[in-house]
Structures are given as structure tokens and as C-alpha cells.
Number of protein chains: 2
Amino acid sequence: MKLGRLNHVGIATPSIEASIVLYRDTLGAEVIRAPFDLPAQGVKVCFVDTPNAQIELIEPLGEASPIHGFLAKNPAGGQHHLCYEVPDIHEAKAWFEAKGAKVLGEPRIGAHGTLIFFVHPKDMGGVLTEIMETPREH
Amino acid sequence: MKLGRLNHVGIATPSIEASIVLYRDTLGAEVIRAPFDLPAQGVKVCFVDTPNAQIELIEPLGEASPIHGFLAKNPAGGQHHLCYEVPDIHEAKAWFEAKGAKVLGEPRIGAHGTLIFFVHPKDMGGVLTEIMETPREH
């Protein structure tokens with residue numbers, strides 16, 4: 001497997017609304033996409049475009065959101081995960097498993113509408129890593 | 001100011017040598033550049049290329065390295081900072097200061113040989129943010 005594009009950096013935030021102000025007014029982001037809920041993953045999501053990659057702002061959605069624990073440790077928010085693209089999600093899953101890396105669950109539809117899975121940070125140098133099938137636009 | 005390219009994601013590691021094995025053999029990175037010391041910043045650095053952005057592996061260099069504190073909290077390593085490009089570093093510094101964001105020190109030469117500064121995470125949604133003048137190659 002070849003290392004694919006860095007699709008996005010996932011950044012947890014207690015408030016997407018407040019983060020949008022930060023990215024727009026202080027960091028100068030010109031393209032901030034409409035936030036939407038991803039109930040299956042317990043997050044509200046908002047993509048901010050840079051010229052070469054995206055920032056994925058993620059806010060907890062619901063009581064069981066996996067982001068609550070992260071924000072308890074990092075109340076102001078912070079870097080949560082990295083996401084790389086692959087051409088074939090099932091091939092990628094088999095690859096990571098063959099390398100002994102812990103894949104968290106079965107591939108499922110992610111925020112870009114293509115299949116994704118996460119790899120446990122313990123096998124990724126402390127970085128929670130999302131692997132996603134490349135969207136067709138690319 | 002416009003949000004520039006996401007030049008790199010800085011990832012702290014207790015061992016660049018071990019991280020190179022991870023990025024090469026498990027993540028499939030094809031271009032891993034030669035590690036080098038950046039004594040002024042107290043780090044050893046190694047860039048890993050993805051097709052659209054770089055991963056900057058950073059390991060503590062010397063007793064006073066600012067990375068020791070991060071690794072004490074995150075012994076396996078983890079996401080340390082994000083770096084965005086700007087066309088003019090001095091203009092960018094004035095911009096961030098005018099927005100009330102805390103710029104950490106004066107612009108200095110960074111790992112790509114161009115001027116950089118860091119912005120305090122408290123003003124960047126919990127994300128330690130590096131701003132760098134775009135290298136001439138781009």
C-alpha cells in the first residue's frame with residue numbers, strides 16, 4: 001500500500017460555531033462548508049478548505065459521542081485525528097491487519113460519503129488514524 | 001490574510017528511527033527525507049511526504065527540548081502542531097497580533113529554511129499553530 005493524500009486533519013471543538021469564527025476571521029479561511037450531523041459517529045462536522053487539504057471540525061453530538069472524552073481532557077479542543085486516502089478500503093483494511101495494526105470496526109460511511117475505518121493510535125505512533133476511500137471528485 | 005497551504009502536520013515521537021519504520025512499512029510512505037537536527041528549536045526533524053502535504057516527525061534534541069513535556073503526557077507520541085504557509089511572515093505576524101492572538105517570539109528560521117513563528121494554542125482552538133513563509137520551490 002502507498003501512503004495516499006492527507007485528506008483532512010480532524011480537530012475537536014466544543015463549538016463549531018465559535019471555531020468557524022476563528023477559522024474565518026483569524027486564520028483567513030475562504031471556504032467553510034455547511035456543518036452537518038453524522039449521528040452514526042456521534043459528531044457534528046464542518047469542513048474548512050485549505051488549498052491542499054481540509055480541516056474537519058468535529059463537535060460532540062449526543063450523550064454518547066466519542067468526542068466528550070477528548071474534550072474532557074482538552075476543554076479548548078485540539079487535534080483529534082489524521083485522515084489518509086486509499087483507493088480501496090477493503091484492501092487497506094486487510095493491509096493494516098496483516099501489519100498487526102488494530103482496525104477499529106468494519107468499514108462504514110464517513111463524512112465524505114465514502115467508506116472509512118479508524119486505526120488505533122497505539123499502532124500509529126499515538127495518532128488516531130482514519131483511512132478513507134478516495135471520493136470520486138478527486 | 002488568506003488561509004494558505006497546510007504545509008505539514010507536526011508529530012512528536014520518542015524515536016524518529018522507529019517512526020520511520022511505521023511510516024515506511026505500515027503506512028506505505030515512499031518519500032521519507034533524511035532526518036536532521038534543528039538545535040535552535042531543540043528538535044530532531046524528519047519529513048515524510050504524502051502526495052499533498054508533509055508529516056514532520058519531531059524528536060527531542062537535548063535536555064531543554066520543548067518536546068519533552070509533550071512526550072511526558074503522550075509517551076507514544078502524537079499530533080503536536082499544524083503548519084500553514086503565508087506569503088509574507090512579517091505581515092502574518094502583524095495580522096495575528098491585530099486579531100489578539102499570542103505570537104510566540106520573533107520570526108526565526110524553521111525546518112524548511114524559511115521564517116516561521118508559532119501561535120499559542122489558547123488562541124487557536126487548542127491547536128499549536130506554526131505559520132511559515134512559503135518556500136521558494138512552490
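Atom set for the values below is all heavy atoms of this structure, side chains included, hydrogens, waters and symmetry mates excluded. Reminder, nothing fancy here: chain letters follow the sequence lines and each chain counts from 1. These figures come from a predicted structure and were not determined experimentally.
- Counting heavy-atom pairs closer than 4.5 Å to chain B, the top-ranked of the candidates A:Pro75, A:Ala92, A:Gly28 is A:Gly28.
- Residue with the most contacts toward chain B among A:Leu82, A:Ile55, A:Val9: A:Leu82 (heavy-atom pairs, distance under 4.5 Å).
- Only the side chain of A:Val48 comes within less than 4.5 Å of a heavy atom in chain B; its backbone stays farther off.
- Between B:Tyr84 and A:Thr50, the closest heavy-atom pair is CE2-CG2, 3.9 Å.
- Surrounding CD of A:Glu97 are more than 12 heavy atoms belonging to other residues, nucleotides or ligands, all under 6.0 Å away.
- Comparing B:His80, B:Lys99, B:Gln54, B:Gln79 by how many heavy-atom pairs each has under 4.5 Å with chain A, the most go to B:Gln79.
- Judged by distance alone, with hydrogens and angles left aside, the side-chain atoms of A:Asn52 form no donor-acceptor pair with the main-chain N or O of B:Arg5 at under 3.5 Å.
- In the displayed structure, B:Arg108 atom CZ is contacted under 6.0 Å by more than 12 heavy atoms of other residues, nucleotides or ligands.
- Considering only heavy-atom pairs separated by less than 4.5 Å from chain B, the leading option among A:Gly4, A:Pro121, A:Pro14 is A:Gly4.
- Of all the listed residues (B:Arg24, B:Lys122, B:Met1), the one sharing the greatest number of non-hydrogen pairs under 4.5 Å with chain A is B:Met1.
- With chain B as partner, the option from A:Ala53, A:Ala18, A:Gly125 having the largest number of non-hydrogen pairs under 4.5 angstrom is A:Gly125.
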Take A:Leu27 and B:Phe96 through the side chain to side chain contact (heavy atoms under 4.5 Å, CB included) test and state the conclusion after the steps.
CA-CA 8 Å; A:Leu27 281 159; B:Phe96 279 102; 3.9 Å; yes
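- For B:Leu6, the parts sitting under 4.5 Å from any heavy atom of chain A are the backbone and the side chain alike.
- Residues B:Phe47 and B:Ile67 share a single hydrophobic cluster, defined by chaining ILVMFWY side chains whose heavy atoms lie under 4.5 Å apart.
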Test side chain to side chain contact (heavy atoms under 4.5 Å, CB included) on B:Met124 and A:Thr26; report intermediate values, then the result.
CA-CA 9 Å; B:Met124 293 283 116; A:Thr26 302; 3.7 Å; yes
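- Under a hydrophobic clustering in which Ile, Leu, Val, Met, Phe, Trp and Tyr are joined whenever their side-chain heavy atoms come within less than 4.5 Å, directly or via other members, B:Met132 and B:Leu115 fall into different clusters.
- No path of Ile, Leu, Val, Met, Phe, Trp and Tyr side chains, each step under 4.5 Å between heavy atoms, connects B:Phe118 with B:Leu3, placing them in separate hydrophobic clusters.
- In terms of hydrophobic clustering, with Ile, Leu, Val, Met, Phe, Trp and Tyr side chains grouped at heavy-atom distances under 4.5 Å, B:Val86 and B:Ile109 are assigned to a common cluster.
- Heavy-atom pairs under 4.5 Å with chain A were tallied for B:Ala98, B:Pro51, B:Gly78; the largest tally goes to B:Pro51.
- Residue A:Ile131 is grouped with residue A:Val127 when hydrophobic side chains (ILVMFWY) are merged at heavy-atom distances under 4.5 angstrom, including chains of intermediate members.
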